[in-house]
Amino acid sequence: MAESLVDWLRRAAAVPAAGLRLVDRRERERMLTWAEVAAAAERVAGGLQALGVRPGERVGLVYPTGEEFFAAFFGALRAGAVPVPLPPPLRLGALAAWRGAAASRLRGVAAALALTERRLRRPVSEAAAAATTPGGARTLDGLPAAAALPVAVDGADLALVQLTSGTTGEPRGVALTHAALMAQARILNGFWPDGAGAAHTGVSWLPLYHDMGLVGGVLTALERPATLTLLPPEGFIARPALWLRAISRARATVSAAPDFAYRLCVEQVRDDELAGVDLSCWRVALDGAEPVSAAVLGAFARRFARWGFRREALTPVYGLAEAGLAVTFGELEAPFTARRFAADPLASRGEAVEAPAGRELVALGRPVPGFAVEVRDRAAGRLPEGRVGRVWARGPSLMQGYLDRPAETARVLRDGWLDTGDLGFLYRGDLYLVGRAREVIVVRGRNLAPAEVEEPVAAVPGVRRGGVAAMGWSSGDGLGEALVVLLEADEEVAPARLPELAAAAREAALAAAGVAPRRVAVVAARALPRTSSGKLRRGAALRALLAGDLTVLAELGVDGGGGGSGA
């Protein structure tokens, strides 16, 4: 029988100094050893078995970052069940929308029951009832007290259902086996710098219901076994300096985040918050999960050089849930590579031609050990270097498939290869991405990636950084697909200036992409829908706009006229 994550936990429990260091928003720390996690998992497994949960059944987990999540996650695995981490509600004012989404997710994975903390029992119970989840919602202290019975857990068994980000549609369940997750953890641990060994330390604020946080953070620490310092995601968003301070205190060598987190640090961390901070220990600063911006990386390196941060630590990466996480890595301990490519050949012919004034793209590195990457045309034929096509990947940690969706699985998994749905090209051995196949905007024969419009619009003064969504939309008027731009205004922008902001955004899009948006809509800060990792959900944003569910503060039509401030 092949090894499983349950075996890894038993092994880690024998290392007394290793575990999870939990840091709250006030920077108070609580050490949770792997031995304590294993003991709690035994209790949870016994309770689940006493309730009749059978091996292979799915258990929804609704927890913030904390001890109970780990007891529930590893307890479900110990019982032979399959944990399905779900995002907890973040704001009381958004409970109604959260309940609907949670019910849809529980129903979609056919959960046998949901586990949650006492504080969230009521909304989770309501979501479980709406999903007709057989076991309803339970807290850990509400589980029966029973000894865990032996269960044969094999590497080929499902270990996790990871819900996709859902940037273009509803989340789907990515089914990952024990063997796949373990292969990915081993691959990642093989990257950490020389001398890490037992002294290796990681810090993460990433959500545990997201693959970067769970697979890239927790499971790599479990495999060593080592200690991982964890901060709550909401703590980082409220005060980004907590992340940098934790890295300094833990003398962390590795920490990962999406691009928006590096930008947030540049914009919001104050000098006085970094008193005594030393970032020279941070040797691998991974940047992935969303488009990587050379401007953001450069600004981060310059901003925090005073505190010992080295530009060489910045490491762009590429991965996705369907691959178990990482697919390509930039070169460690080397400056990241960014090149400019002429916009017209990229958009009209799908050719990568370097040009000094072209679109700047960051190299995402080469396939991680055990993986292969190809760029293919629509007929799945392999394209030469420098040609844009769909990115395909093959490796040991690919998903088993989309949970209970055989037709969708068959469309993306072929002969051991995964069609990632991303568009990109290979150039001098490195992978470059230009967008998502489903998000490409086709206007007057030009193929535009959303980022080609979003980046210049985001640079307009008064536009909230990270708050721009560009999409294609066909109104059925026979004019073909049109460009629609939604943008969040900074909170300090006066209402009277909002129409000017819309006009400036339109001019920025036209100048950068050569296409005038048919609609530019300005909304309030943080109004656009986002995924659990902070990425904008473009499809959901467009649907909300068309349905009238977004409060538009100002709007501009293709003729340059239209909306002033208002509901």
Side-chain angles (χ1 to χ4, degrees), residues 2-5 8 154-165 172-192 210-220 222-224 254 256 284 286-290 292 315-332 363-376 380-383 385 389-403 408-427 429-433 436-437:
E3 195 177 33
S4 72
L5 291 173
W8 276 12
D154 187 78
D157 294 335
L158 279 189
L160 173 67
V161 174
Q162 168 70 57
L163 294 176
T164 61
S165 296
R172 291 169 293 185
V174 173
L176 295 160
T177 65
H178 286 263
L181 294 173
M182 294 162 73
Q184 179 67 208
R186 290 190 182 106
I187 288 170
L188 292 174
N189 277 335
F191 271 102
W192 309 145
H210 189 269
D211 49 358
M212 280 184 76
L214 181 59
V215 181
V218 175
L219 296 188
T220 54
L222 178 69
E223 192 266 341
R224 279 189 176 265
V254 180
V284 185
L286 302 167
D287 185 344
E290 63 182 10
V292 178
T315 308
V317 296
Y318 167 65
L320 64 164
E322 289 87 341
L325 189 55
V327 174
T328 66
F329 256 48
E331 185 179 355
L332 300 186
L364 302 177
R366 304 185 178 205
V368 300
F371 266 79
V373 170
E374 291 183 358
V375 176
R376 302 181 181 182
R382 188 173 181 178
L383 290 171
E385 185 172 272
R390 296 176 78 98
V391 178
W392 290 68
R394 180 179 64 189
S397 59
L398 295 188
M399 67 174 180
Q400 192 178 71
Y402 291 121
L403 188 70
E408 290 189 43
T409 298
R411 282 198 291 270
V412 300
L413 284 178
R414 303 182 201 172
D415 302 322
W417 285 85
L418 169 71
D419 178 357
T420 68
D422 288 312
L423 293 176
F425 58 91
L426 295 169
Y427 190 80
D430 288 324
L431 176 66
Y432 292 79
L433 292 186
R436 293 283 296 171

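Count residues from 1 along the sequence.
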Task: Closest heavy-atom pair and its distance - Trp192, Leu188 - done: CE2-O, 3.3 Å

Open item on the list: For a quick test of reading the model, state the closest non-hydrogen atom pair linking Leu398 to Ala180 and the distance between them.
Closed with: O-CB, 3.9 Å

Task: Residues, nucleotides or ligands: over 12 heavy atoms within 6.0 Å of Glu331 CD - done: no

Open item on the list: As an exercise, state the distance from CD of Gln184 to CD1 of Ile187, rounded to the nearest 0.5 Å.
Closed with: 5.0 Å

Task: Side chains of Tyr402 and Thr164, donor plus acceptor under 3.5 Å - done: no

Open item on the list: Contact between Leu332 and Phe191 at the side-chain level, heavy atoms closer than 4.5 Å - yes or no?
Closed with: yes

Task: Flag, side chain of Glu322 to backbone of Met399, donor-acceptor distance under 3.5 Å - done: no

Task: Validation row: Leu160, Leu214 side chains within 4.5 angstrom (heavy atoms) - done: yes

TODO: Assess Arg224 against Trp8: is NZ or CZ under 6.0 Å from the centre of the six-membered ring, and within 45 degrees of the ring's axis?
DONE: no

- [ ] Taking the side chain as every heavy atom from C-beta outward, state whether Gln400 and Thr409 have any pair of such atoms under 4.5 Å apart.
- [x] no

- [ ] For the residue pair Thr220 and Val218, establish whether any side-chain heavy-atom pair is separated by less than 4.5 Å.
- [x] no

Task: Atom pair CD/CZ of Glu223 and Arg186 - distance to nearest 0.5 Å - done: 6.0 Å

Task: Under 3.5 Å donor-acceptor, Thr315 side chain and Val284 backbone - done: no

Task: Asp422 side, atom CG; Leu320 side, atom CG - distance, nearest 0.5 Å - done: 6.5 Å

TODO: Look at the side chain of Asp287 and the backbone N and O of Pro316, then say whether any donor-acceptor pair between them is shorter than 3.5 Å.
DONE: no

Which side-chain N or O atoms in residues 365-373 pair as donor and acceptor under 3.5 Å with protein atoms at least two apart or in another chain?
unit_1 : atom_1 : unit_2 : atom_2 : d
Arg366 : NH2    : Arg428 : O      : 2.9

Task: Min side-chain heavy-atom separation Val161-Val174 under 4.5 Å - done: no

Task: Distance-minimising heavy-atom pair for Gly421 and Arg390 - done: CA-NH2, 3.8 Å

- [ ] Return the minimal non-hydrogen interatomic distance between His210 and Ala289, and the atom names on each side.
- [x] CE1-CB, 4.4 Å

Open item on the list: When you compare the side chain of Leu181 with that of Leu325, does any pair of heavy atoms fall below 4.5 Å?
Closed with: no

Open item on the list: As a test of understanding, state which of Asp430, Val391, Val292 forms a side chain to side chain contact (heavy atoms under 4.5 Å, CB included) with Leu364.
Closed with: Val292

Open item on the list: Donor-acceptor pair, distance only, cut-off 3.5 Å: does the side chain of His178 make one with the backbone of Ala156?
Closed with: no

Task: Value rounded to 0.5 Å, distance of CG in Leu222 from CG in Leu5 - done: 7.0 Å

TODO: Check whether any side-chain heavy atom of Leu431 lies under 4.5 Å from a side-chain heavy atom of Tyr318, and answer yes or no.
DONE: yes

Open item on the list: Could you report the tightest heavy-atom contact between Ser397 and Ala323, atom names first, then the distance?
Closed with: OG-O, 2.7 Å

- [ ] Please report the shortest heavy-atom distance between Ala393 and Val327, naming the atom on each side.
- [x] CB-CG1, 4.0 Å

TODO: On the 0 to 90° scale, with breaks at 30° and 60°, tag the Phe425-Tyr432 ring pair as parallel, tilted or perpendicular.
DONE: parallel

Task: Trp392 side, atom CH2; Arg376 side, atom CZ - distance, nearest 0.5 Å - done: 5.0 Å

- [ ] Would you give the length of the straight line joining atom OG of Ser4 to atom CG of Asp154, rounded to the nearest 0.5 angstrom?
- [x] 8.0 Å

Task: Contact check, side chains of Phe329 and Leu286, non-hydrogen atoms, under 4.5 Å - done: yes

